[in-house]
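What follows is one structure encoded as structure tokens, with my remarks underneath.
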Amino acid sequence: MFVDNIEIDLLSGAGGSGSVSFNSKSSQTSPNGANGGNGGSITFKTDSKLFDFSNLKSKGSFKADNGEDAQKNLQNGKNGEDLELKIPLGTSIFYEGELIAELIEENVEYLICKGGQGGRGNKDMLSKRNPNPEICESGEKRKKMKINLQLSLITDLALVGLPNAGKSSLIQTITNSNSKIDSYPFTTISPSLGAYTNDYGMVTICDLPGLISGAAEGTGLGKSVLRHLKNTKYIIYLLDPDNSEYDINQQIDLLEKEVKKFDPRYKDIQVLKVVNKSDLNKKVSDFINISTLTNEGIDELVKELNRINFKELKRVNKSFEKIFIESDNFIIDQYEDKWIVSGRKVDKITNLKGNSHEVLNEISYRFEKSSISNELKNRGIEKGDIVDLNGHEFSYE
Ligand SMILES: Nc1nc2c(ncn2[C@@H]2O[C@H](COP(=O)(O)OP(=O)(O)OP(=O)(O)O)[C@@H](O)[C@H]2O)c(=O)[nH]1
Ligand SMILES: [Mg+2]
């Protein structure tokens, strides 16, 4: 089955914990606890050998490895292994409903789910303030993401028309495709590809399911069909003089309306209008008339297509990558004289282990330097109120 729209779960690796240890051989003990390894990250990479997401569908969720904890005596923990997920060219990536990347070129790597940072050991936590730390940092947590991938096939030419117009018959006539043909509407339910060679090189053609009124809002196979025009360079509107509901001009109006409504950029894609089924004695002047049944007009159509150097035509879709900079945000909940603060910024303040007295000192030092302290002041915190950071409580001064 052709899989061109999936949701997958991603989980990056957690950072390993730092360690607390001391070099006891020298006369003066010095901290030599090492750092935890970084957690593995998850990256997408485009691969032109893939044409859909069936390689990801069977599994559905993907995890990168955790970083290892540090050992004593300068032995850093190993980094967790990264995970690379292969995707086809033409993949749009959505996170929380927002488009965050369009990957169109070959071998593009996109870091999507960064592994947690490894915690520092007591050697790297040494400072003027604390020359002999008995504390270390725990590693950053794993990150969980739900991602939606949607494919828009990379093609030179797409066949668009109402059901039964003869799109699959046409792709079979001019390429090696064996797209299914039948007399009932929606014979084609997912796109199929074919290729032929013109004077400038190989031309890839995509046969799409039929379009009907309301397609841009999702009627029929609407959206999943129209999405595949995003990465094509040229459209043939295949028109059917034998359609009992719409005459040729009404078909053109319907197709143009749905296509432009779905994505206004589509108006810039070059179009050729071709009338099929000329064997039924229903030719329409001013159009190329063909019959996939008798092959009448096929040479003329192919000659027309041979004049086009598809390599010079531009796609309306552009590569795009949003770089994730995760904000160090926090949330404040106030219950009378108690202020509970949580979020990524708080995690970075409280990620400490070891001597409990030192842990609390370090937390209050970090808290005072942070913007959380200012924000609490703005909100009217008073001396003696309790601040709770991830369960570490102290009174505000
Ligand atoms: N008379 C005649 N019939 C044709 C011609 N081309 C296609 N057909 C017939 O029209 C019907 C639909 O053909 P398909 O190629 O499956 O049409 P389609 O546009 O791919 O249809 P969907 O996949 O349902 O959108 C079949 O019964 C074909 O045999 C033609 O040139 N002349
Ligand atoms: Mg078809």
Side-chain angles (χ1 to χ4, degrees), residues 1-2 4 51-52 151-153 155-196 203-229 232 234-259 262 271-305:
M1 211 181 92
F2 179 72
D4 61 351
F51 293 99
D52 74 352
L151 177 65
S152 310
L153 287 164
T155 53
D156 293 315
L157 171 60
L159 301 179
V160 175
L162 270 64
N164 269 342
K167 300 175 294 297
S168 301
S169 306
L170 178 59
I171 199 174
Q172 278 209 15
T173 308
I174 56 179
T175 77
N176 52 351
S177 153
N178 57 359
S179 191
K180 191 175 169 199
I181 299 174
D182 215 319
S183 55
Y184 57 88
F186 294 110
T187 304
T188 306
I189 50 169
S190 58
S192 70
L193 293 170
Y196 86 104
V203 181
T204 53
I205 303 187
C206 178
D207 171 29
L208 291 168
L211 273 193
I212 55 176
S213 178
E217 276 96 36
T219 310
L221 299 167
K223 288 186 179 178
S224 60
V225 178
L226 289 165
R227 194 175 66 234
H228 287 288
L229 300 181
T232 197
Y234 197 93
I235 296 175
I236 287 183
Y237 284 149
L238 192 61
L239 307 164
D240 182 0
D242 199 33
N243 188 295
S244 55
E245 221 177 321
Y246 301 97
D247 68 22
I248 294 295
N249 284 324
Q250 287 170 330
Q251 288 178 47
I252 295 172
D253 286 349
L254 186 158
L255 296 173
E256 282 183 341
K257 186 174 136 220
E258 297 300 335
V259 164
F262 182 78
V271 168
L272 181 67
K273 293 160 191 156
V274 176
V275 180
N276 191 23
K277 306 189 185 178
S278 64
D279 55 282
L280 298 178
N281 292 325
K282 290 179 176 174
K283 286 191 193 171
V284 186
S285 52
D286 295 335
F287 291 92
I288 294 179
N289 287 270
I290 60 164
S291 166
T292 65
L293 206 67
T294 63
N295 275 346
E296 187 189 355
I298 296 292
D299 282 351
E300 192 195 340
L301 172 62
V302 170
K303 220 182 256 171
E304 188 71 30
L305 297 179

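Atoms within each ligand, like the ligands themselves, are counted from 1 in listed order.
Side-chain polar atoms of T232 and T155 form a donor-acceptor pair below 3.5 angstrom. Remark: the S291 side chain and the D279 side chain contain an N/O donor-acceptor pair separated by less than 3.5 Å.
Listed by chain and number, residues touching ligand 1 at under 4.0 Å (heavy atoms only) are P163, N164, A165, G166, K167, S168, S169, I181, D182, S183, Y184, P185, F186, T187, T188, G210, N276, K277, D279, L280, S291, T292, L293.
By the neighbour-count criterion of 12 heavy atoms within 6.0 Å, atom NZ of K282 is densely surrounded, having more than that number from other residues, nucleotides or ligands. For L280, the CG atom sits in a packed shell: over 12 heavy atoms of surrounding residues, nucleotides or ligands are nearer than 6.0 Å. The number of heavy-atom neighbours closer than 6.0 Å to CG of N176, taken from other residues, nucleotides and ligands shown, is above 12.
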side-chain contact (heavy atoms from CB on, under 4.5 Å) between L305 and I236, intermediate numbers included: CA-CA 10 Å; L305 297 179; I236 287 183; 4.3 Å; yes

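To the nearest 0.5 Å, atoms OG (S190) and NZ (K180) are separated by 11.0 Å.
Looking only at side-chain heavy atoms (C-beta outward), V203 and T175 stay at 4.5 Å or farther from each other. Residues D253 and Y246 form no side-chain contact, since every pair of their non-hydrogen atoms from C-beta on lies 4.5 Å or further apart.
Excluding waters, the protein N/O/S atoms found under 2.8 Å from the Mg ion (ligand 2) are S168 OG, T188 OG1.
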